[in-house]
Amino acid sequence: MERFAIGILDLDGFKGVNDRLGHQTGDALLIQVASRLKRLLRKTDTLSRLGGDEFGLLLTNLDEGTENQDFFTKIVESLLDPFDVKNADGATVRISGSLGLTICPPDQGDATTLIAHADLALYRVKDRGRNGWALFQQEMEEQLIESHRLRTELERALPNGEFLLHYQPQVNMRTGQVVGVESLVRWNHPDRGFLLPEAFIDVAEKSGDLIASLGRFVLEESLAQQNRWKQRGLDLRVSVNIGARHFLSRSFQDDLRFVIARHGGSCPMTLEVTETEALRDLSQLQKAIEKCLDLGIRVILDDFGTGQASLTSLQNLSVGGIKIDQGFVEKIRECPKARAIVSSLVAVCQMMQIEVITEGVQDEEDGRTLIGMGCEWAQGYAIARPMPAEAIPDWIASWTPFRSWTRKNDLGNSENKNKP
Ligand code: C2E
Ligand code: MG
Ligand code: MG
């Protein structure tokens, strides 16, 4: 059977051209794109405009080898050459394209299905940063259905009271002092049981409303729990994870002010924000951090070292500290480079007089290595796993650090050094 592909090509950055240079220029660009594509296609192929800046492609007589791939690459690359359309400053307009495709066979179905599949592949290209092509894979459809289902269930979970928090102690490994707890959300799903954030947090993060409602719940419940502990004579700082989108949203400062006011106005709390794409704009981030500081709330960068955050961000942001990502801690034993990264991050934080905490301390030896580097504040399974709030007082009463951790008294006068 003859193999063919259905493709959807979307121009990256076309909206910008339309907005900046007007629709007439936009139309001129589309015409040039179409004629360039037509020159590239073979007689039996078909090109059509699907609307806006989207083109539909029907590519016929495909072989089974890598020739197709070269052809797809050529189509995308053909758009990188300049077009005869000028920007306001006289420079030639440059764009790129994202192409999603599905090949039949193996794919099958009616035209609507095939176009929907090509569209899913297109989303994958956009997700990866555009300017490229991708082929539809069945798993894309399953992922989409799954994330739709999760989103609907998440919307219902909050009013149904299906979320709860567990708390993981944060300690000074050398002195044995318990400095606080990090609240970690869990979902008691009616059908799927007890779910950890990895099963749902990404889907929640993608929807501004969901991550904000979840964030409000976590803030409210963490501070309510802090008060309950206080009534039992236990003063604990709580660290709350806030999704970057919520943190930067307009409603966040109101949410924060509201919840703090409800809980007596002064709550020892740290916000942990994970460095993500959303945190690219340092000046916007700095404004949000300053507003938190005005309310007496410190912000630290979570999972430091994995995403966008660089040492420049430490220079430009008034963060109270960083939490070194557990990926580095995991490797400190066998990887000298990971050891070097952790120990230099600790040194940088000490010099900048901001706090440094490590997460993912799995065993005694990890802890010893970290203490040797001057990083005493930590959390991890070697200390305690996240647990329900009721278990915290007994855990604190009974916890003692490993002797090899406390014996290192000669590691400096670091009683309160870099503490969270
Ligand atoms: P995180 O904030 O970096 O939290 C640390 C994660 O590492 C937690 O996973 C914790 O259970 C796990 N962990 C702690 N010690 C160890 C260890 O020694 N070994 C290993 N392998 N893992 C350890 P958890 O609870 O599954 O949370 C995963 C992530 O989900 C969190 O990473 C955080 O980014 C996000 N998250 C959790 N709760 C919330 C929340 O309330 N709101 C938001 N927006 N995100 C949350
Ligand atoms: Mg965290
Ligand atoms: Mg982390």
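As the structure lists them, so they are numbered: ligands from 1, and atoms in each ligand from 1. Computation of the quantities below employed the complete heavy-atom set of this structure, encompassing side-chain atoms and omitting hydrogens, waters and symmetry-equivalent molecules.
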Under 3.5 Å between some N or O of ligand 1 and some N or O of [X]?
| X | result |
| --- | --- |
| Arg186 | yes |
| Asn241 | yes |
| Gln326 | yes |

Is a side-chain donor or acceptor of [X] paired with a backbone partner of [Y] at a separation under 3.5 angstrom?
| X | Y | result |
| --- | --- | --- |
| Asn241 | Ser183 | yes |
| Glu182 | Glu272 | no |
| Thr152 | His148 | yes |
| Asp325 | Gly327 | yes |

Have a look at His166 and tell me which of Phe194, Trp187, Trp395 forms a ring-ring contact (aromatic ring centres under 6.0 Å, His included) with it.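 Exactly one pass, corresponding to Phe194.
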Drop me the distance from Leu223's CG to Arg262's CZ, to the nearest 0.5 angstrom.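 Rounded to the nearest 0.5 Å, the CG-CZ separation comes to 10.0 Å.
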First locate atom CG of Leu62, then atom CZ of Phe71, and finally report the distance between them rounded to the nearest 0.5 Å.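 Rounded to the nearest 0.5 Å, the CG-CZ separation comes out at 8.0 Å.
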Of the choices Pro197, Ala384, Gly360, which has the non-hydrogen atom that lies closest to atom 35 (C) of ligand 1?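 Considering heavy atoms of Pro197, Ala384, Gly360, the nearest to atom 35 (C) of ligand 1 sits in Pro197.
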Out of Thr274, Val218, Val361, who gets a non-hydrogen atom closest to atom 34 (O) of ligand 1?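 Selected option, by shortest heavy-atom distance: Thr274.
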Taking the six-membered ring of Phe83, is the NZ or CZ of Arg36 close enough (under 6.0 Å from the centre) and on axis enough (within 45°)?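 Verdict for Phe83: a cation-pi partner in Arg36.
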For [X], the ligand 1 atoms whose distance to one of its heavy atoms is below 4.0 Å:
| X | result |
| --- | --- |
| Asp303 | 3 (O) |
| Gly380 | 15 (N), 18 (O) |
| Pro386 | 11 (O) |
| Gly243 | 44 (N) |

With a cut-off of 2.8 Å, does Glu272 put an N/O/S atom close enough to the Mg ion (ligand 2)?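 Yes.
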Let me check your reading of the structure: within less than 2.8 Å of the Mg ion (ligand 2), is there an N/O/S atom from Asn241?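 Yes, Asn241 qualifies, because one of its backbone or side-chain N, O or S atoms lies under 2.8 Å.
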Between [X] and ligand 1, find which residue part has any heavy-atom pair under 4.0 Å and reply side chain, backbone, both or neither.
| X | answer |
| --- | --- |
| Asp302 | side chain |
| Glu330 | neither |
| Leu184 | both |
| Glu198 | neither |
| Gln168 | side chain |

Is it the case that atom CZ in Arg156 sees more than 12 heavy atoms from other parts of the structure closer than 6.0 Å?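 It does: Arg156 CZ has more than 12 such atoms within range.
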How wide is the angle at the Mg ion (ligand 2) spanned by Asp302 OD2 and Glu182 OE2, rounded to 10 degrees?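 OD2 of Asp302 and OE2 of Glu182 make an angle of 170° at the Mg ion (ligand 2), to the nearest 10°.
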Go through the steps for Arg192 and Glu146 under the test salt bridge (Lys or Arg N to Asp or Glu O under 4.0 Å), then give the verdict. CA-CA 13 Å; Arg192 287 191 254 180; Glu146 172 62 14; 3.1 Å; yes
Does ligand 1 have an atom under 4.0 Å from some heavy atom of Glu182?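 So Glu182 counts as touching ligand 1.
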Hey, do the aromatic rings of Trp229 and Tyr167 have their centres closer than 6.0 Å?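 So the answer is yes for these two rings.
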